[in-house]
Amino acid sequence: MEDKFSYKDFLHSLGIEAVITDDNKIKTYTNLEDELRSLSDGVGLRNISHYGMIELRGKDVLDFLHRISTNSVRDLAKEKITKTIFTTEKGRIIDLTVLMNFEDYQILFCHPEHHPKIFKWLTKYIINDDVKISDINGKYSLLEIIGPQADSFVTLVCGTIVNNIPENSFKVISAEGMLFFLAKMRDIKNNIKYWVIADHVNSSRFVKYSVEHKEIFDFNLVGEEAYNIYRVEQGILTAPNEINDNYNPNEAGLRDYIDFNKGCYIGQEVIARLDTYDKVQRGIKGFVFEGPAEQKEYSLYNGDQNESGKVTSVVYSPKCGKNIGLGYLKKSYLTDGSVLTAKDPDGNEIKVSVHKIPFRK
């Protein structure tokens, strides 16, 4: 699993075909409908090894990250996980990241599109700190296990030790001839999920074991196409679509990853002022298109042709039987059922209605 070709060959050895993109993401496996069903009703396994991974070493790492990101991380204990946001001086999002404390070192996981920017941002602010950072992309494989059957499935693989892992924590697991780190956390919509972090040999064993022991579960390997549909239906933000420096964390609904009581961090004044004086101008909403729509950004306008927001993600949802989207909308237009006009970059127009998230049938 050193690169996309070897992973594809590994899957082929299991009798599984996959479409892998040029940037090493698995687009689809064999059946989109099955993958979507596993995400909503069963359990899905994603290979997200394309995520950015940055290793930090030194006695000042947690103090350093505490000082330049939104959350309180200074006292993050061994084998604990937290999420923190890096923001610009203007309080705009650089990325929402996951931080894991391995005691002797820490690993920061970021969206792949923002990985170079985060690495450069960290480097920029290390001055006299005892902090050394390394790009470790490719060193580990990263698997994600999600869906309502995730708990039961992981217990089958790992045993009852899973019950002893608190949320936002991880443990070393040795089971069925495999050795890996198992992390338990929730996504921004409060759905439980697990990460498996391992070298390429052990992650391959984990995938093989999962495929061969799925009998009582609605289990499928899940590609990015199915996950993208699922995440829009659930209202889960991603980079670079919704998580980027056009927006601030308050607008993105990411207040849970901001410590409003700690001292200064980059962008703190702007973020605190927006919160204190209720100056947040936009919020995340769902949208239902009245007809076919392409997967690109749309600008939104009201009846007076005043710009009202942007659609940042568009998918066709088999569950809804329509094109749906996520995006940012000005506060005055957040009412469910409001009808707006969406314009694409070529000037084509289509009507959309504002919809609450998550989407239902």
Side-chain angles (χ1 to χ4, degrees), residues 1-53 107 109 111-112 115 135-159 161-162 170-184 193-231 318:
M1 290 169 54
E2 295 295 335
D3 54 43
K4 62 181 179 181
F5 301 106
S6 61
Y7 187 62
K8 189 172 184 177
D9 290 344
F10 163 70
L11 291 173
H12 186 71
S13 73
L14 301 180
I16 298 168
E17 299 300 326
V19 176
I20 301 180
T21 63
D22 291 338
D23 54 356
N24 213 21
K25 297 178 184 178
I26 298 171
K27 182 180 179 182
T28 57
Y29 289 94
T30 54
N31 190 302
L32 183 64
E33 182 180 347
D34 289 346
E35 293 177 41
L36 287 169
R37 188 184 65 251
S38 290
L39 288 169
S40 60
D41 301 323
V43 55
L45 189 154
R46 298 172 64 213
N47 187 322
I48 55 172
S49 302
H50 56 277
Y51 272 40
M53 303 181 201
I107 296 181
F109 297 86
H111 289 93
H115 177 211
D135 183 342
I136 58 168
N137 270 28
K139 183 176 181 179
Y140 302 107
S141 290
L142 180 60
L143 307 174
E144 183 173 73
I145 305 161
I146 50 177
Q149 295 179 350
D151 258 330
S152 300
F153 183 79
V154 172
T155 301
L156 168 73
V157 179
C158 304
I161 190 173
V162 174
F170 64 95
K171 298 286 185 185
V172 177
I173 303 292
S174 178
E176 304 296 338
M178 301 176 288
L179 186 67
F180 54 89
F181 293 103
L182 181 69
K184 185 178 184 179
K193 67 179 182 181
Y194 291 89
W195 278 5
V196 170
I197 304 147
D199 61 34
H200 304 316
V201 171
N202 281 288
S203 63
S204 296
R205 290 173 180 166
F206 189 94
V207 173
K208 186 174 187 292
Y209 187 90
S210 299
V211 170
E212 293 176 348
H213 294 80
K214 62 180 182 179
E215 298 93 349
I216 63 173
F217 297 96
D218 188 352
F219 170 91
N220 276 285
L221 300 178
V222 172
E224 294 305 292
E225 184 174 339
Y227 178 74
N228 194 42
I229 294 170
Y230 166 80
R231 74 150 189 99

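Computation of the quantities below employed the complete heavy-atom set of this structure, encompassing side-chain atoms and omitting hydrogens, waters and symmetry-equivalent molecules.
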| task | Applying side chain to side chain contact (heavy atoms under 4.5 Å, CB included), run through Ile48 and Tyr227 and close with a yes or a no. | result | CA-CA 11 Å; Ile48 55 172; Tyr227 178 74; over 6 Å; no

Measure the [atom1]-[atom2] distance between [X] and [Y] for me, rounded to the nearest 0.5 Å.
| X | Y | atom1 | atom2 | value |
| --- | --- | --- | --- | --- |
| Tyr29 | Asn220 | OH | CG | 10.0 Å |
| Gln149 | Phe219 | CD | CZ | 11.0 Å |
| Ser174 | Leu179 | OG | CG | 5.5 Å |
| Asp135 | Met53 | CG | CE | 10.0 Å |
| His50 | Asn137 | NE2 | CG | 10.5 Å |
| Ile173 | Met178 | CD1 | CE | 10.0 Å |

| message | Given Phe109, which partner from the list Tyr140, Phe170, Trp195, Tyr51 fulfils the ring pair (Phe, Tyr, Trp, His ring centres under 6.0 Å) test? | response |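 Single ring pair (Phe, Tyr, Trp, His ring centres under 6.0 Å) partner of Phe109 among Tyr140, Phe170, Trp195, Tyr51: Trp195.
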
| task | Pick out which of Tyr194, Tyr209, Phe217, Phe206 makes a ring pair (Phe, Tyr, Trp, His ring centres under 6.0 Å) with Phe153. | result |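 The single option meeting the ring pair (Phe, Tyr, Trp, His ring centres under 6.0 Å) with Phe153 is Phe217.
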
Any side-chain heavy atom of [X] within less than 4.5 Å of one from [Y]?
| X | Y | result |
| --- | --- | --- |
| Pro318 | Ile229 | yes |
| Glu224 | Arg46 | yes |
| Lys8 | Leu11 | no |
| Leu182 | Val196 | yes |
| Asp23 | Pro112 | no |

Can you see which heavy atom on [X] is nearest to which on [Y], and at what distance?
| X | Y | result |
| --- | --- | --- |
| Leu143 | Ser203 | CD1-O, 4.0 Å |
| Leu142 | Ser49 | N-OG, 2.9 Å |
| Asp218 | Ser38 | O-OG, 3.0 Å |
| Glu225 | Leu32 | OE2-CD2, 3.8 Å |
| Ala198 | Phe180 | CB-CB, 3.6 Å |
| Gly52 | His115 | CA-CG, 3.8 Å |

| Exam field: side chain His200 to backbone Gly138, donor-acceptor pair closer than 3.5 Å | yes

| query | Is the backbone N or O of Lys193 less than 3.5 Å from a side-chain atom of Glu144, with the two atoms forming a donor-acceptor pair by type? | reply |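 Looks like no, no N/O pair under 3.5 Å.
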
| message | Counting only heavy atoms not in His12 (residues, nucleotides, ligands), do more than 12 fall under 6.0 Å from its NE2? | response |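 Result for NE2/His12: open.
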
| Glu33, CD: over 12 other non-hydrogen atoms inside 6.0 angstrom | no

| message | Checking Asp41 now: which residues fulfil side chain to side chain contact (heavy atoms under 4.5 Å, CB included) with it, not counting sequence neighbours? | response | Arg37

